[in-house]
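When a residue number appears, it is its place in the shown sequence, counting from 1. Excluded from the calculations below are hydrogen atoms, water molecules and symmetry mates; all remaining heavy atoms, backbone and side chain alike, are included.
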Amino acid sequence: MLKGVKVIDFTNYLPGPFATLRLAELGAEIIKVEPPEGDPARYTGISKQGSGLVFLANNRQKKSITLNLKEESGVEMALTLITHADVVIESFRPGVMEKLGLGYEAVQKVKPDIVYCSISGYGQQGLLSKLGNHDLNYMALSGVLAQLKDNQGRPVHPSITLADYLGGYAANERILAGLVSRLLTGKGSYHSIAITDQLVSLLGNHVMVENETGEGTGIDALNGSIISYALYETIDERYMSLGALEPKFWQNFCLAHGHEDWIRAHFSKTDESNPVYQEVTAIFKSKTFYEWIEFAQKVDCCMAPVLEIGELQDNPYFKEKELIFASSWGDYQVKMHSDIEHAIIMPPPHKGQNNDELLNKTRDSL
């Protein structure tokens with residue numbers, strides 16, 4: 001779908017590389033511009049054969065060129081690459097690209113119709129824009145972390161960087177909108193993605209409910225407070241999700257257990273004083289995790305297991321779609337778009353792997 005679209009990618013770590021990986025799987029050519037020492041993600045955290053797993057997970061299907069952007073020759077080469085591109089994406093602190101001579105205004109002079117996207121934590125301007133920040137900070141400030149609490153009301157530290165990923169999705173949304181606009185108007189555009197703002201955009205229901213009722217946990221039926229939409233523990237200390245909001249699904253669940261009397265308690269509370277909740281909890285604790293998985297496949301009641309990461313690749317749903325696949329270069333990768341087949345999947349590039357190819361092309365075009 002994006003064949004022929006060229007993206008110059010100045011991003012590191014996660015939000016930007018995740019965004020450009022998704023564009024790469026849609027057919028875009030991604031040219032990853034790295035400093036001479038490489039994307040820091042190459043050397044961060046757990047590694048495999050000397051490469052960081054975060055880098056390996058988010059940079060297949062890309063080309064790599066190393067440029068020293070602190071030198072005039074590196075900036076000139078970057079601008080030349082951009083003249084043949086459609087999109088620029090960057091994730092430096094606000095103001096860095098301008099200091100390097102690669103901000104939107106400078107780029108627009110050599111490529112007037114460029115679609116330019118900046119990803120940052122708090123935006124390019126404003127109160128917090130110059131401060132250092134990470135995913136956990138965005139989650140905390142936005143109010144999203146306050147939606148993830150334990151039974152004592154303490155926020156739970158997530159083991160997934162949701163903000164970074166959401167920032168990548170939002171960047172893609174704006175890049176694709178910019179490309180459509182360019183097609184319609186012939187003009188380029190600038191897009192600033194503030195990751196914190198994207199998280200807040202998830203909370204429209206919560207803000208509305210809080211203003212009306214004073215409750216800050218969103219729609220009552222969806223926050224674990226009713227028995228038909230909740231998590232339940234099994235006899236072997238695993239968990240199942242039940243999402244039987246519609247009457248037909250709740251009835252299917254109740255009748256499958258011979259409890260027509262439960263139907264009237266559809267929206268009753270997950271409270272220990274609720275006898276039906278106690279009975280449903282006891283039913284779940286009477287069967288194993290895998291017995292409940294079998295039940296969920298037979299009884300249409302909106303039920304699914306809480307799977308662990310190591311269980312995904314062998315789960316029939318994911319196996320059928322080959323969402324998690326063994327790569328030809330020796331690791332496991334996750335598809336970005338499950339419905340798109342790729343005849344050839346390129347491994348993550350070595351640092352500067354495409355220097356000669358890209359530099360020669362650039363020189364030939366001068």
Check whether any side-chain heavy atom of [X] lies under 4.5 Å from a side-chain heavy atom of [Y], and answer yes or no.
| X | Y | value |
| --- | --- | --- |
| T20 | V87 | no |
| M303 | M240 | yes |
| P158 | M139 | yes |
| E237 | E233 | yes |
| L128 | N133 | no |
| D220 | K269 | yes |
| R22 | Y169 | yes |
| Q124 | S118 | yes |

Do you know which two heavy atoms are closest between [X] and [Y], and how far apart they sit?
| X | Y | value |
| --- | --- | --- |
| S47 | G50 | CB-C, 4.3 Å |
| P17 | N59 | CB-OD1, 3.8 Å |
| P348 | F55 | CB-CE2, 3.9 Å |
| G224 | T270 | O-OG1, 2.9 Å |
| G38 | Y43 | CA-OH, 4.4 Å |
| A171 | C117 | CB-SG, 3.9 Å |

From [X] [atom1] over to [Y] [atom2], what is the distance, rounded to the nearest 0.5 angstrom?
| X | Y | atom1 | atom2 | answer |
| --- | --- | --- | --- | --- |
| R93 | L131 | CZ | CG | 7.5 Å |
| M336 | L23 | CE | CG | 11.5 Å |
| Y239 | L231 | OH | CG | 8.5 Å |
| K111 | L81 | NZ | CG | 12.5 Å |
| L26 | N172 | CG | CG | 8.0 Å |
| I283 | Y232 | CD1 | OH | 11.5 Å |

Checking I31, V96, L100, V88 against F10 for side chain to side chain contact (heavy atoms under 4.5 Å, CB included), the one that qualifies is V88
So, applying side chain to side chain contact (heavy atoms under 4.5 Å, CB included) with F253, which one of V280, D300, I263, V299 is it? V280
[X] side chain to [Y] backbone, donor-acceptor under 3.5 Å:
| X | Y | answer |
| --- | --- | --- |
| Q353 | H350 | yes |
| R238 | V306 | yes |
| D164 | P15 | no |
| E291 | T288 | yes |
| K62 | N58 | yes |
| T83 | T80 | yes |
| Q147 | G216 | yes |

Please tell me whether [X] and [Y] have a donor and an acceptor in their side chains that are separated by less than 3.5 angstrom.
| X | Y | value |
| --- | --- | --- |
| K187 | S181 | no |
| D271 | Y277 | no |
| Q333 | D331 | yes |
| W250 | N252 | no |
| H191 | S189 | yes |
| E34 | S64 | yes |

What I want to find out is whether [X] reaches [Y] closely enough, with some N-O distance under 4.0 Å, to be called a salt bridge.
| X | Y | answer |
| --- | --- | --- |
| E357 | K63 | yes |
| E294 | K298 | yes |
| D113 | R182 | yes |

Quick check, are the ring centers of F295 and W292 under 6.0 angstrom apart? yes
Would a hydrophobic clustering, with Ile, Leu, Val, Met, Phe, Trp and Tyr connected at side-chain separations under 4.5 Å, put [X] with [Y]?
| X | Y | result |
| --- | --- | --- |
| L69 | I89 | no |
| V5 | L183 | no |
| L358 | V110 | yes |
| I193 | F92 | no |
| M346 | F325 | no |

Can you list the steps and then say if K319 with N315 is a side-chain contact (heavy atoms from CB on, under 4.5 Å)? CA-CA 6 Å; K319 286 184 73 172; N315 183 271; 6.0 Å; no
Is the number of heavy atoms from other residues, nucleotides or ligands under 6.0 Å of [X] [atom1] greater than 12?
| X | atom1 | value |
| --- | --- | --- |
| E246 | CD | yes |
| I46 | CD1 | no |
| Y332 | OH | no |
| H134 | NE2 | no |

Is there a side-chain hydrogen bond (donor to acceptor under 3.5 Å, both in side chains) between S268 and H266 once you walk through the steps? CA-CA 6 Å; S268 61; H266 188 185; over 6 Å; no
Is there a side-chain contact (heavy atoms from CB on, under 4.5 Å) between K285 and T234 once you walk through the steps? CA-CA 4 Å; K285 286 189 175 180; T234 66; over 6 Å; no
What residue among H337, K335, Q61, R60 forms side chain to side chain donor-acceptor pair (under 3.5 Å) with E25? R60
Against K32, only a single residue in T66, D39, N354, D9 fulfils side chain to side chain donor-acceptor pair (under 3.5 Å); can you say which? D39
What do the steps show when you test T44 against V54 for side-chain contact (heavy atoms from CB on, under 4.5 Å), and what is the final call? CA-CA 8 Å; T44 301; V54 171; over 6 Å; no
What verdict does the side-chain contact (heavy atoms from CB on, under 4.5 Å) test give for T161 and L136, after you've listed the backbone C-alpha separation in whole Å, the side-chain angles of each residue and the deciding distance to 0.1 Å? CA-CA 7 Å; T161 53; L136 189 64; over 6 Å; no
Can you classify the ring geometry of Y190 versus Y104 as parallel (below 30°), tilted (30 to 60°) or perpendicular (above 60°)? tilted
